[in-house]
A.B. asks: 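This is the structure, below, for whatever I ask next.
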Number of protein chains: 2
Amino acid sequence: MSKIEVETRIGPFIKPVVLVGAMIDGQPNFMNVVWLTRLTFTPNIWGLSIGETKHTVRGIRDNKKFSINIASVDMATKTDYCGLVSGREVNKAELFDVFYGELEDVPMISECPINVECTVYQIVEFLGREVIFGEVKHLYSEEKYLTDGVLDQAKINPLLYSAPGNHYWAIGDRVGDAFSIGKSLKKP
Amino acid sequence: MSKIEVETRIGPFIKPVVLVGAMIDGQPNFMNVVWLTRLTFTPNIWGLSIGETKHTVRGIRDNKKFSINIASVDMATKTDYCGLVSGREVNKAELFDVFYGELEDVPMISECPINVECTVYQIVEFLGREVIFGEVKHLYSEEKYLTDGVLDQAKINPLLYSAPGNHYWAIGDRVGDAFSIGKSLKKP
């Protein structure tokens, strides 16, 4: 075995890139986020870690609701731009076709293949971050992203991110079905 | 616009698949986990959501330390198997070459391109889940996964998972550099 220690300040796994939307002083704003995971089944709660100084945090705290918009590879440039500038200085919403859904004042991005409306379940302040627990209330997509009624990642073509190195990736080949291919190792 | 509502019980983004390792009653055990994100910069804390009834939870609680092993596409079958059977009934560690690092009784998997030793920073019980905050203490890899000294996802070839549909994926093309390609949209 030839294992070596590498630096520990990193999070070297692939992450989907999402744009988090909220109204701030009546204006839609979006920021990009990669520190995201699902946390629970029912209710369906997702956790996001956002820097406490981010402009979007105030919108989420004030309105107790926000959106998560899953970015596609086609949107890589616009998505990256959202991570380079602050909504305090620039109107990022003008980059996108913004729409609103059932929760009304939660801005979402039409170009994103999946849009999720969340209410705030809980916010935990943690080491300079706001860890936001959002409960999924509505989930929007388009017929063109479905196969047999189910969201199809090959059609969605999500934008992925990795660090260290700060690279964006597309998904590649489907390599098998989960809860299935491992059955071949089960002993009788 | 042709947005439609789809079911809200899902988490339709791509997730990396990791094998979480812990000692349980002196034996190494591994479970697969996809609900994972980084949470903070310094200290470097990652959050995992694991079902409270999982065998591995006891090992993490008892030892206050555990490993996160990033699975590669080559390991898809073995990784899937780890999600199909419980360590209560099967010795999953015998599938792998297990090694130990600086924290000593934290089992890790040689075949995984990246191995992370964590100590438990905090555990939060939340709606039937254990949300485990792990602090990264040591991070191991091999020279063959580095390019110019930096971990290279193209060499790591990580196993990715999507639901709904329960599919595994490889990464595909690199589509740009983060904090870079969006600069073209900046106004002078």
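In what follows, chains carry the letters A, B, and so on, assigned in the order in which the sequence lines appear, proteins first and then strands, with residues in each chain numbered from 1.
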A.B. asks: Using side chain to side chain contact (heavy atoms under 4.5 Å, CB included), reason through A:Phe41 and B:Arg9 one step at a time and then give a plain yes or no.
C.D. replies: CA-CA 7 Å; A:Phe41 283 107; B:Arg9 292 167 300 170; over 6 Å; no
A.B. asks: Of the backbone (N, CA, C, O) and the side chain (C-beta and beyond), which part of A:Val6 lies under 4.5 Å from a heavy atom of chain B, both, or neither?
C.D. replies: both
A.B. asks: Please report the interatomic distance CZ(B:Phe126) to CD1(A:Ile45), rounded to the nearest 0.5 Å.
C.D. replies: 4.0 Å
A.B. asks: Does A:Val90 belong to the same Ile/Leu/Val/Met/Phe/Trp/Tyr cluster as A:Leu95, with side-chain heavy atoms less than 4.5 Å apart forming each link?
C.D. replies: yes
A.B. asks: Does the side chain of A:Ile171 come within less than 4.5 Å of B:Ser162's, by heavy atoms?
C.D. replies: no
A.B. asks: Heavy-atom distances under 4.5 Å only: say whether B:Pro158 touches chain A with side chain, backbone, both or neither.
C.D. replies: side chain
A.B. asks: For residues B:Ile109 and B:Leu103: do they belong to one hydrophobic cluster (side chain heavy atoms under 4.5 Å, members Ile, Leu, Val, Met, Phe, Trp, Tyr)?
C.D. replies: no
A.B. asks: Find the one option among B:Thr37, B:Thr42, B:Val124, B:Ile114 whose heavy-atom pairs under 4.5 Å with chain A are most numerous.
C.D. replies: B:Thr37
A.B. asks: How long is the span from the CD1 atom in A:Ile181 to the OG1 atom in B:Thr79, to the nearest 0.5 Å?
C.D. replies: 8.0 Å
A.B. asks: With respect to chain A, which residue among B:Gly165, B:Ser141, B:Gly11, B:Ala154 yields the maximal number of heavy-atom pairs within a distance under 4.5 Å?
C.D. replies: B:Ser141
A.B. asks: Which one of B:Lys78, B:Lys186, B:Lys187 has the most heavy-atom pairs closer than 4.5 Å to chain A?
C.D. replies: B:Lys186
A.B. asks: Out of B:Leu185, B:Leu151, B:Val18, B:Val136, which one racks up the most heavy-atom pairs below 4.5 Å with chain A?
C.D. replies: B:Leu185
A.B. asks: Is B:Leu19 reachable from B:Tyr100 through a run of I, L, V, M, F, W or Y residues, each pair having side-chain heavy atoms under 4.5 Å apart?
C.D. replies: yes
A.B. asks: Side chain from CB out, backbone as N, CA, C, O: work out which of these in B:Lys144 comes under 4.5 Å of a heavy atom of chain A, or both, or neither.
C.D. replies: neither
A.B. asks: When only pairs under 4.5 Å are counted, which of A:Phe13, A:Trp35, A:Tyr81 shares the most heavy-atom pairs with chain B?
C.D. replies: A:Trp35
A.B. asks: Quick one: what part of B:Ile156 sits under 4.5 Å from any heavy atom of chain A, side chain, backbone, both or neither?
C.D. replies: neither
A.B. asks: About how many Å separate CG of A:Asp177 and NE2 of B:His167, when rounded to the nearest 0.5 Å?
C.D. replies: 5.5 Å
A.B. asks: Return the CG to CG distance between A:Leu36 and B:Leu36, rounded to the nearest 0.5 Å.
C.D. replies: 11.0 Å
A.B. asks: Chain A contacts: which residues in residues 127-134 of chain B have a non-hydrogen atom closer than 4.5 Å to it?
C.D. replies: B:Leu127, B:Arg129, B:Val131, B:Phe133
A.B. asks: Chain A heavy atoms under 4.5 Å from B:Cys118: which part of the residue, side chain, backbone, both or neither?
C.D. replies: neither
A.B. asks: Answer yes or no: is there a side-chain heavy-atom contact under 4.5 Å between A:Thr77 and B:Ser184?
C.D. replies: yes
A.B. asks: Counting heavy-atom pairs closer than 4.5 Å to chain B, which one of A:Tyr168, A:Tyr140, A:Trp46 comes out on top?
C.D. replies: A:Tyr168
A.B. asks: Tell me, for B:Asn44 versus chain A, whether the close heavy atoms (under 4.5 Å) come from the side chain, the backbone, both or neither.
C.D. replies: side chain
A.B. asks: So do A:Leu146 and B:Ile4 actually touch side chain to side chain, heavy atoms under 4.5 Å?
C.D. replies: yes
A.B. asks: Report, by ascending residue number, the residues of residues 55-76 of chain B in heavy-atom contact with chain A at a distance under 4.5 Å; give 'none' if the set is empty.
C.D. replies: B:Ile70, B:Val73, B:Ala76
A.B. asks: How far does CG of B:Leu39 sit from CG of A:Leu48, to the nearest 0.5 angstrom?
C.D. replies: 10.5 Å
A.B. asks: Could you pull out the closest heavy-atom pair between A:Pro164 and B:Val150, with the gap in Å?
C.D. replies: CG-CG1, 3.6 Å
A.B. asks: Given a strict heavy-atom distance threshold of 4.5 Å, which part of B:Leu159 is in contact with chain A: side chain, backbone, both, or neither?
C.D. replies: side chain
A.B. asks: Of all of A:Asp152, A:Val116, A:Asn115, A:Thr147, which one pairs up most often with chain B through heavy atoms under 4.5 Å apart?
C.D. replies: A:Asn115
A.B. asks: Would you say B:Asp80's side chain and A:Phe179's backbone share a donor-acceptor pair under 3.5 angstrom?
C.D. replies: yes
A.B. asks: Would B:Phe99 and B:Val106 show up in the same hydrophobic cluster when neighbours are defined by side-chain heavy atoms closer than 4.5 Å?
C.D. replies: no
A.B. asks: Please name the pair of heavy atoms, one in A:Tyr161 and one in B:Ala178, separated by the smallest distance, quoted to 0.1 Å.
C.D. replies: CE1-CB, 3.5 Å
A.B. asks: With a 4.5 angstrom heavy-atom cut-off, which part of B:Glu117 approaches chain A: side chain, backbone, both or neither?
C.D. replies: neither
A.B. asks: Kindly give the heavy-atom pair with the smallest separation between A:Ser49 and B:Arg38, and that separation in Å.
C.D. replies: CB-O, 4.2 Å
A.B. asks: Determine whether B:Val85 and B:Phe96 fall in the same hydrophobic cluster, where Ile, Leu, Val, Met, Phe, Trp and Tyr are linked whenever their side-chain heavy atoms lie under 4.5 Å apart.
C.D. replies: yes
A.B. asks: Any side-chain heavy atom of A:Lys3 sitting closer than 4.5 Å to one from B:Met108?
C.D. replies: no
A.B. asks: Looking at B:Lys15, B:His138, B:Arg174, B:Lys183, which has the largest count of heavy-atom pairs under 4.5 Å with chain A?
C.D. replies: B:Arg174
A.B. asks: Return the minimal non-hydrogen interatomic distance between B:Thr8 and A:Lys137, and the atom names on each side.
C.D. replies: CG2-O, 3.6 Å
A.B. asks: So what's closer than 4.5 Å to chain A heavy atoms on B:Leu160: side chain, backbone, both or neither?
C.D. replies: side chain
